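Notes follow once the structure below has been shown.
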Amino acid sequence: MADNREEQIPVFTSLSEIYGEGPLLEEAVRRYENLKQQFVQHYGRQPELFARAPGRVNLIGEHIDYEGYSVLPMAIRQDTVVAIGKREEEYSMLHIANVDSFEFKACKFPADPSQEVDRDNHLWANYCICGYKGVFEHLASKGELIGPTCGLNVLVHGTVPIGAGLSSSSALVCATVVALSSLFKLSFCKHEVAEFSCACERHIGTQSGGMDQAISVMAMPGVAKLIGFNPIRASDVLLPKSGSFVVANSLTESKKAVTASTNYNNRVVECRLAAMVLAVKLGMPSEEACTSVNTLSDVEGLCVKYASAHGSSSPVVAVEKLLHEAPYNTEEIEECLKEKLTTIMKKSPTTLAVLAAASLFKLYQRAKHVYTEAKRVHDFRGAAVQSDGEESVMKRLGDLMNESHASCSLLYECSCPELENLVGICRHNGAIGARLTGAGWGGCVVALVKEEEANSFISVLKDSYYRPLVQSGKIKEEDLDSYVFASKPSGGAAAFKL
Ligand code: NG1
């Protein structure tokens, strides 16, 4: 199982290294040429280099990366490309523009890496500033500095759908980081880039796990990756040849950064509260629980020990016996922890925002999801490598995807009516398994289908989910291929000096 964590981010001189041959390469050549021309029009000179980072589809392992558990995504061919060059004038400014200048307006920022990311004014280019800060913060953490900053010209073109659970945000952060690293001639290993790209994306205000940045940087063509954390590592997972993963966009945008305190960060905080309460119930002094327990993986050992006394090896036993299903209110949790939640969390403004927005916390449900989903990831990987016939392997993978979806929907409550509808349509039309993918509350589903049925499956989805939206004028027929597509694992982030 190859682990490429020590490799450096590649710098290619030919697009074929990533885009292969044939129509995909031809499309890429046109796209990069257009990016170059627009860069010249915009900034009056050629870009010095390009960097690209792919989006991803997570096959299984949802909302568990920030709890320290392994996940199983693959990179998709849709990516974000950044063209970059140093400015010759106004060299204290970063100019950041997008080829899609209607949707994503051009922005200017000071070339000061210590600037704060403005969380109250959510701009698309804030993700570039996260990447910019990340490079300098990482260098500073290693005791290295790259001298005076310089002004930069940046032009972006992305094909990863926005707010669709395919990680357009991390593709932009990682592409920015790779572009800057190459421009400043910094040689970082893949795992370093994955770690600090994850840390710097948190400047946006979400308490992200590291899955998206890790797969964007460490992906290899043709394989999905089992990504582990602390430290980040990635091993290959070969998927059954007779299966195809189809991604379908529910077209409900999930605005993760804007809804963080009620959705994404809320779940991160609920998991932390569940972990602390479990720790105390399992005998840890409350003071220690409040200071040293952050994630459910921190208390898994205690839960497993408890389970073994009850004839099981599953941490879920502790959840079922020690937590109650009814939501907890703040007072009950504070009584258990013998401390005010606002005091425990005082150093984290994003957590305080969650506490201000919620009064009830579903500790039982969230913890049960995390522990069962963590196990499903390993079961999925185990099933994928089994040799007892592709049909039965695919059935097992599909069942695990369905179980994952049920858990996301019922226990983690990160689905929405459009995703439920789409998952139902997938299953009624031959999907062996189908589930929401990514953070949820909108975005995409991923369905496993037989390779030979993928095209007809996609046609049926177009007819049943998308065509009514075309007829009502909400979407255009010519965009359908970007909303529903079969995906093979693509390669990871790279720089190009063309
Ligand atoms: P998306 O789907 O890109 O919003 C988010 C997190 C992941 C992971 C998934 C849920 C970021 C950058 N990504 O992904 O780390 O927690 O949700 O599994 O926040």
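In each ligand, atom 1 is the first atom listed, and ligand 1 is the first ligand listed. Predicted, not measured: the structure shown is a model, and the values here were computed from it. The chain is numbered in sequence order, starting from 1.
Nearest protein heavy-atom neighbour of atom 4 (O) of ligand 1: Lys256 NZ, 2.8 Å. Considering only non-hydrogen protein atoms, atom 3 (O) of ligand 1 sits nearest to Asp212 OD2, 3.1 Å. Looking at atom 6 (C) of ligand 1, its nearest protein heavy atom turns out to be Tyr264 OH, 3.3 Å. Scanning all protein heavy atoms for the shortest distance to atom 7 (C) of ligand 1 gives Asp65 OD2, 3.4 Å.
Counting atoms of ligand 1 from 1 in the listed order, those under 4.0 Å from a heavy atom of Met211 are 8 (C), 9 (C), 18 (O). Interface atoms of ligand 1 facing Gly165, defined by a heavy-atom separation under 4.0 Å, are 2 (O). The Gly209 neighbourhood of ligand 1 comprises atoms 15 (O), with distances under 4.0 Å to a heavy atom of that residue. Taking every non-hydrogen atom of Ser170 and a distance limit under 4.0 Å, the qualifying atoms of ligand 1 come out as 12 (C). Counting the atoms of ligand 1 from 1 in the order shown, those under 4.0 Å from a heavy atom of Tyr66 are 16 (O). For ligand 1, the atoms sitting less than 4.0 Å from at least one non-hydrogen atom of Gly438 are 2 (O), 10 (C), numbered in the order shown with element in parentheses. Here is the list of ligand 1 atoms found below 4.0 Å of a heavy atom in Glu62: 10 (C), 18 (O).
Remark: ligand 1 and Ala439 share an N or O pair separated by less than 3.5 Å (distance only, no angle test). Checked against a 3.5 angstrom limit, the closest N/O atoms of Asn58 and ligand 1 fall outside it. Distances between N or O atoms of Thr206 and those of ligand 1 include no value under 3.5 Å.
In this structure a side-chain-to-backbone donor-acceptor pair under 3.5 Å is present from Asn265 to Gly205. With Arg56 contributing its side chain and Met211 its backbone, the two residues share no donor-acceptor pair below 3.5 Å. Panel note: side chain Lys133, backbone Gln115; a donor-acceptor pair is recorded below 3.5 Å. Formation of a donor-acceptor pair under 3.5 Å by the Arg119 side chain with backbone atoms of Val117 is not found in this model.
The pair Glu320-Lys368 meets the salt-bridge criterion, since a charged nitrogen lies less than 4.0 angstrom from a carboxylate oxygen. Between Glu413 and Arg366 there is a salt bridge, since at least one side-chain N of the basic residue sits less than 4.0 Å from a carboxylate O of the acidic one. A salt bridge is defined here as a Lys NZ or Arg NE, NH1 or NH2 lying under 4.0 Å from an Asp or Glu carboxylate O, and Arg267 with Glu62 fails to meet this definition.
More than 12 heavy-atom neighbours from other residues, nucleotides or ligands sit within 6.0 angstrom of NZ on Lys105.
Contacts between Ser167 and ligand 1, counted as non-hydrogen atom pairs separated by less than 4.0 Å, involve both the backbone and the side chain.
The shell of residues lying under 4.0 angstrom from ligand 1, judged by heavy atoms, includes Arg56.
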